[in-house]
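Beneath this line is the structure, given in C-alpha cells, with notes to follow.
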Amino acid sequence: MGTGLRRAGRPQRHRARRGLHGRPRDLARDLKAAGALAGLALKPGTPLAQYLDVLPAFDTLLVMSVEPGFGGQSFMPEVLDKVREARRLVDTGHLQLLVEIDGGINADTIEVAAEAGVDMFVAGSAVYGAADPSAAIAALRAQAARSFPTA
C-alpha cells in the first residue's frame with residue numbers, strides 16, 4: 001500500500017460526469033487513449049457492488065466521504081466499509097486500481113482512511129485553510145504514512 005504517496009506529485013484532474021448510463025468502459029478506454037488515467041467516483045450512498053463489473057476498466061476509484069458540492073463538510077465514516085471492500089478486491093487481485101478518498105480529510109480523519117486502505121487523499125479545507133499549506137501537506141502525508149497497514 002501507499003502507492004498514492006509515491007505518486008503524490010502526479011497531477012490529477014477530475015471531471016464530473018453525472019451518471020454512467022452510456023458505456024463506462026468506452027469512456028475509460030478513451031481517457032486512457034488520450035494519455036489520462038480513468039477514474040470512477042462514488043458518492044457516499046452509492047454501493048460499490050453496483051459498479052464492480054466496470055471497475056476493472058478504471059485506474060482509480062474515488063470514494064466520496066462527503067456529499068459533493070462544497071468544502072468544509074464533515075467526514076462520513078460509514079464510507080470506510082466501501083474503502084475496505086475496494087482494498088480487499090485490490091489486495092486479492094480482483095481489481096488493479098488506486099483507492100482515493102475525498103471529503104473531510106484532515107488530521108482527525110486521515111489515519112482511519114489510511115488504515116481502511118486508501119492510497120490517495122484529497123484534503124481541501126485542511127490544506128487551503130491552514131496558515132502554512134505546505135506544512136499541512138507534509139504533516140498529513142507523514143500521518144497517513146504512519147497509518148498504512150503493514151503486510
Side-chain angles (χ1 to χ4, degrees), residues 1-106 109-129 133 136-138 140-141 143-145 147-149 151:
M1 275 205 239
T3 54
L5 288 176
R6 288 189 291 276
R7 295 181 183 200
R10 186 175 189 171
Q12 293 188 39
R13 292 189 61 177
H14 296 94
R15 293 211 181 255
R17 180 166 183 207
R18 298 201 186 272
L20 287 174
H21 303 295
R23 297 187 169 104
R25 286 183 194 88
D26 292 344
L27 175 62
R29 184 198 63 232
D30 293 347
L31 287 168
K32 290 177 181 188
L37 294 177
L40 179 70
L42 298 181
K43 290 172 60 172
T46 303
L48 180 65
Q50 189 174 329
Y51 292 96
L52 287 178
D53 61 328
V54 299
L55 273 173
F58 290 87
D59 301 300
T60 64
L61 170 64
L62 173 62
V63 176
M64 294 298 301
S65 45
V66 298
E67 287 297 330
F70 60 95
Q73 296 179 63
S74 296
F75 180 81
M76 298 171 72
E78 59 269 23
V79 304
L80 294 177
D81 288 337
K82 196 180 315 186
V83 169
R84 288 184 194 96
E85 177 62 10
R87 171 56 45 206
R88 185 188 67 75
L89 292 168
V90 169
D91 289 348
T92 58
H94 292 89
L95 291 175
Q96 292 183 342
L97 51 73
L98 295 171
V99 180
E100 185 176 9
I101 197 161
D102 181 1
I105 297 299
N106 57 42
T109 59
I110 198 163
E111 290 180 19
V112 293
E115 290 166 358
V118 171
D119 294 304
M120 297 187 299
F121 307 86
V122 177
S125 298
V127 171
Y128 295 106
I137 291 170
L140 288 169
R141 282 182 175 166
Q143 206 175 345
S147 301
F148 283 127

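- Taking both residues in full, the closest heavy atoms of F148 and D119 are given as CZ-O, 4.4 Å, listed atom of the first, atom of the second, then distance.
- Nearest heavy atom pair, residue A123 against residue I105, reads CB-O, 3.6 Å.
- Rounding to the nearest 0.5 Å places CE of M64 at 10.5 Å from OG1 of T46.
- For the pair V66/V79, no side-chain contact is recorded, criterion being any heavy-atom separation below 4.5 Å from C-beta on.
- Nearest heavy-atom pair across D81 and R84 is OD1-NH1, 2.9 Å.
- For E85 and R88, the salt-bridge test passes: some basic side-chain N is under 4.0 Å from an acidic carboxylate O.
- One finds the CG atom of L95 at 7.0 Å from the CG atom of L52 (value rounded to the nearest 0.5 Å).
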Problem - Worked check of side chain to side chain contact (heavy atoms under 4.5 Å, CB included) between L140 and V127 - result: CA-CA 9 Å; L140 288 169; V127 171; 4.1 Å; yes
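- Under the salt bridge (charged side-chain N to carboxylate O under 4.0 Å, His left out) criterion, D59 pairs with K32, sequence neighbours left out.
- Taking 4.5 Å as the limit, some side-chain heavy atom of F58 sits within range of a side-chain heavy atom of P24.
- Across all non-hydrogen atoms, the minimal contact from L80 to A116 is CD2-CB, 3.9 Å.
- With a 4.5 Å cut-off on side-chain heavy atoms, E100 and V122 count as touching.
- Taking CG of L37 as the reference point, atom CG of L97 lies at 11.0 Å (rounded to 0.5 Å).
- Remark: the backbone N or O of A126 is not paired with any side-chain donor or acceptor of N106 at under 3.5 angstrom.
- Of the possible polar contacts, one joining the K82 side chain to the P44 backbone as a donor-acceptor pair under 3.5 Å is found.
- Minimum interatomic distance between M76 and E67 (heavy atoms only, all atoms of both residues): SD-N, 4.2 Å.
- Counted by atom type alone, E111 and Q143 present one or more donor-acceptor pairs between their side chains at under 3.5 Å.
- The shortest distance between side-chain heavy atoms of L61 and L98 does not fall below 4.5 Å.
- L40 contributes atom CG, which lies 8.5 Å from atom CG of L62 (distance to the nearest 0.5 angstrom).
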Exercise for the section: Evaluate the side chain to side chain contact (heavy atoms under 4.5 Å, CB included) criterion for residues I110 and F121: first the C-alpha distance (whole Å), next the side-chain angles of each, then the deciding distance (0.1 Å), finally the verdict. Expected result: CA-CA 8 Å; I110 198 163; F121 307 86; 3.7 Å; yes
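- Side chain of Q96 to main chain of V90: no donor-acceptor pair is present (N/O by atom type, distance under 3.5 Å, no hydrogens or angles).
- With values rounded to the nearest 0.5 angstrom, D102 atom CG is found 12.5 Å from L42 atom CG.
- Without hydrogens or angle criteria, S65 side chain to I101 main chain gives no donor-acceptor distance under 3.5 Å.
- Of the inter-residue distances, the one linking R23 atom CZ with R29 atom CZ reads 9.5 Å to the nearest 0.5 angstrom.
- S147 places no side-chain N or O within 3.5 Å of a backbone atom of E115 that could act as its donor or acceptor partner.
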